[in-house]
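Hydrogens, waters and symmetry mates play no part in the numbers below; they use all other heavy atoms, side chains included. None of the values given here were measured: they were computed from a predicted structure. Counting convention: from 1, in listed order, for ligands and their atoms alike.
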Amino acid sequence: MTDLSGSIAEQRLSLCAVLGEDLVLTNSEDMLQYCRDWHGDVTSGAIAVIRPRSTEDVQAAVKACRDLGLKIVPQGGNTGLVLGGIPDDPERQVVLSLERMNRIRNIDSDDFSAVVDAGCVLAELKDAIAEKGMFFPLALGAQGSCRIGGNVSTNAGGINVLRYGMTRELVLGLEVVLPDGSVFDGLSTLRKDNRGLDLKQLFIGAEGTLGIITAVSVKLTPYPDNVATALLALNSLDDAITLYRRARRDCCDLMSAFEFMPPLAFTLAREAMPDLQIPLSGDYPAYVLMEISGSGLVDIDDLMHRFLEGVMADELVVDGTIATSQAQARNLWLIREGMNEGQAKRGAHMRTDISVSLSQLAAFVVDAEAAVSEALPDCISVSYGHVGDGNVHLNVLPPNGATIEERHERIYKAKKVVNVVVDKYNGSISAEHGIGRLKREDFEERLSDTKRGLLVAIKKALDPDLLLNPHCQIDLGADIR
Ligand SMILES: Cc1cc2nc3c(=O)[nH]c(=O)nc-3n(C[C@H](O)[C@H](O)[C@H](O)COP(=O)(O)OP(=O)(O)OC[C@H]3O[C@@H](n4cnc5c(N)ncnc54)[C@H](O)[C@@H]3O)c2cc1C
C-alpha cells in the first residue's frame, strides 16, 4: 500500500491527482449540500466529496481512500433522517456521492424487472418505468430526491409497504463495490435462486457500512391505472385499526395505502401550504387516507364505493370524500405531505419512527402520548403514520417561542420517555428510517450480546479496516482493536 497520508490539503491534492479533478470536490461551499442533513439540523464537513461516474470510478475511489487512510461515507440523495449519510469526522472522511451514476440500464416489461444505477432518483426511475406501462411500487415523501441505492441501503418503507413490502422485497439483485475494492456482481433478475445464502441481503439495510451499492435490479408490477383515493373521518384510532382490518378483507389485498392522521394534520398542512383545499368539514378525532388500486379488469371505483357504503352504514366511518380526479387525489396526498412540512416550520422537534404490533398500536399511542404530556406538559404530541404496518411517527413539538436550547432539552427528554414506552410494547425504535448516527446509542443500549457479536463478525469479515461509514449503526472501534 502506498502511504500518501499527510495534511488535509495534501490529501485533497492526492485525491485529485489519483482520481482526476472531475470526480473530486474540495471547496467548502461546493461540499456544503453533501455535509448538511435534510432538516438542516446538523452541518458537518469533509476532506472531499467524490462523485464517480461508473463502477470502475467507485473502485478507484475506494483504493485511493484506503491508500490515504481516509474513511468513506456513501451518499445517495441525502434525505436520510438519521445522519447516516453525512460525515461525523470531517478531517478523516470523504463523502462518496452516487448522484452521477444515474443510468437506467434496462427495463424489461416481459420479465417484470429493471436494472438501474444506484444513483437514479426514485421518482425519475418510477416515471421511466411507468412510461413502459410498468410500476415500481416504492413510494415515499422524499422520492423526488432520494436515490435507489439509498433506498436499498436503508431498506426504505413508505406508503405502499402494506401491499408490496419494504424495499428488501422489491430487490432482485445488487452490484456492490466491497471495501477491498472488488465487485460483488449479484445483479440477477431471477425470481427464484436458492443457491446457498442470499448474499445481497447483507447490504440491504446496512446503511453503507458493508459495501457501496452501484447498481440494483428490481421487481416490477403492471401499472395500476385504476386508483381510488378517499379521505375518511373516524371517531378514534381504534376505529382506524378496525377499518384497516376490514379493508384488508373486503378489498382483497388491493389496498395500497392506509395512512392515519390526527386532526392537527390539517392545521399543520395549512401552515405549510396556506392555499391547500381541505375537503372535509368538522373536527373529527381521527382521519384515514386510504387508497386502493389495480390494473386490468378489476373495477376499483366500484370496490371503493361498495366498501365505503358498508363501513358508513356500520358507522365505522363518520364522514368522507372520494377523489374524483387525479388532481383531487394529489390534493389529498398534499395534506399528508404538508403535515410534515408544517412540523418542520414550527422548528426543531422530536421525530420518531416506531413500530409495534398492529393489535397494540392504539394502546401504545395512548400510553406514549400520556407519558409525554405528563413529563412535558407544554409540548404537543402528533401521532400519525403507516397504520397498516404498525408504524407510527409519534412526534413531539415544543411550544412556539421556545429557544433552541429549550427545544433540545425537551427533545432529549421526550425521546427517553417515548423509548421507555416502546420497550414496554416490545416495539422498534426504527421501523423504516434506519439507525445512522442519530439512533446509534439507543440502538446499542438495546443490543443483545449475541446480536452485537454477529454484527461485529460480519463487519470484521467484510470491512476489517473500518473503511466504510464508521460510527454508523454501531461503533465498532473497540471491538476491532
Ligand atoms: C420528506 C421525507 C419523507 C420520508 N419518508 C420516508 C418514508 O415514508 N419511508 C422511509 O423509509 N423513509 C422515508 N424518508 C427517509 C429517506 O428518504 C429514506 O431513508 C431514503 O431511503 C434515503 O435515501 P437517500 O438516497 O436519500 O439516502 P441517503 O440519505 O443519501 O443515505 C442513507 C444511508 O444509506 C447509505 N447509502 C446511500 N447510498 C448508498 C449506496 N449507494 N451504497 C451504500 N450505502 C449507501 C448512506 O451512507 C446512509 O447511511 C423520508 C425522508 C424525507 C426527507
Donor-acceptor side-chain pairing of R437 and N469 below 3.5 angstrom:
yes
re atom 12 (N) of ligand 1, the protein heavy-atom contact at minimum distance is H433 CD2, 3.5 Å
Shortest protein heavy-atom distance from atom 20 (C) of ligand 1, along with the residue and atom involved:
N151 ND2, 3.5 Å
Is the H393 ring parallel, tilted or perpendicular to the H433 ring (thresholds 30°, 60°)?
parallel
Atom 9 (N) of ligand 1 [closest protein heavy-atom partner, distance rounded to 0.1 Å]:
E432 OE2, 2.9 Å
For atom 27 (O) of ligand 1, what's the nearest protein heavy atom and its distance?
G150 CA, 3.5 Å
So, is G77 polar-close to ligand 1, with some N/O to N/O distance under 3.5 Å?
yes
Would you say the side chains of Q75 and S97 form a donor-acceptor pair under 3.5 Å?
no
Note the single closest protein heavy atom to atom 41 (N) of ligand 1, along with its residue, its atom name and the distance in Å.
I213 O, 3.0 Å
Taking only non-hydrogen atoms of G76 and a 4.0 Å limit, the atoms of ligand 1 in range are 25 (O), 28 (P), 30 (O), 37 (C), 38 (N)
Quick one: does Q75 get an N or O within less than 3.5 Å of an N or O on ligand 1?
no
Enumerated ligand 1 atoms positioned under 4.0 Å from heavy atoms of L98:
41 (N)
Does only the side chain of T154 get under 4.0 Å from ligand 1, or the backbone, or both, or neither? Count heavy atoms.
side chain
Using every non-hydrogen atom in the two residues, find where F136 and K126 come nearest and quote the distance to one decimal.
O-NZ, 2.8 Å
Side chains of H39 and R351, donor plus acceptor under 3.5 Å
yes
4.5 Å side-chain heavy-atom contact, R446 and D423:
yes
Considering non-hydrogen atoms only, spot the tightest contact between D117 and R105 and give its length.
OD1-NE, 2.8 Å
Can a salt bridge be assigned to the pair D30 and R51 using a cut-off of 4.0 Å between side-chain N and carboxylate O?
no
Under 4.0 Å between a side-chain nitrogen and a carboxylate oxygen: does that hold for E259 and R336?
yes
I need the nearest protein heavy-atom contact for atom 29 (O) of ligand 1: residue, atom name and distance, please.
G80 N, 2.7 Å
Can you check whether A156 has an N/O within less than 3.5 Å of an N/O in ligand 1?
no
On a heavy-atom basis, which atom in V62 and which in P179 lie closest, and how many Å separate them?
CG1-O, 3.4 Å
Residue portion contacting ligand 1 (non-hydrogen atoms closer than 4.0 Å) for N469
side chain
Compare every heavy atom of Y223 with every heavy atom of M134, then report the nearest pair and how far apart it is.
O-CD1, 3.3 Å
With a cutoff of 4.0 Å, is G211 in contact with ligand 1, counting heavy atoms of the residue only?
yes
Considering only NZ, NE, NH1 and NH2 on the basic side and carboxylate oxygens on the acidic side, decide whether R66 and D465 come within less than 4.0 Å.
yes
Measure the distances from the heavy atoms of G436 to every atom of ligand 1 and state whether one is below 4.0 angstrom.
no
With a 4.0 Å heavy-atom cut-off (strictly under), which part of T79 contacts ligand 1: side chain, backbone, both or neither?
both
Quick check: C146 and ligand 1, any N/O pair under 3.5 Å apart?
no
Compare all side-chain heavy atoms of L174 with those of V152 and state whether any distance is below 4.5 angstrom.
yes
Please write down residue, atom name and distance for the protein heavy atom closest to atom 46 (C) of ligand 1.
P74 O, 3.1 Å
Would H386 count as a contact of ligand 1 if the rule is a heavy atom under 4.0 Å away?
yes
Going by distance only, is there an N or O of G157 that falls short of 3.5 Å from an N or O of ligand 1?
yes
Under 4.0 Å from a heavy atom of E207: give me the atoms of ligand 1 that qualify, with their elements.
35 (C), 47 (O), 49 (O)
Atom 43 (C) of ligand 1 - nearest protein heavy atom and its distance
S153 OG, 3.2 Å
Output the list of atoms in ligand 1 that are nearer than 4.0 Å to some heavy atom of G85, sorted by atom number.
46 (C), 47 (O), 48 (C), 49 (O)
Run the numbers on S293 and S256 for side chain to side chain donor-acceptor pair (under 3.5 Å), then give the verdict.
CA-CA 6 Å; S293 56; S256 39; 2.9 Å; yes
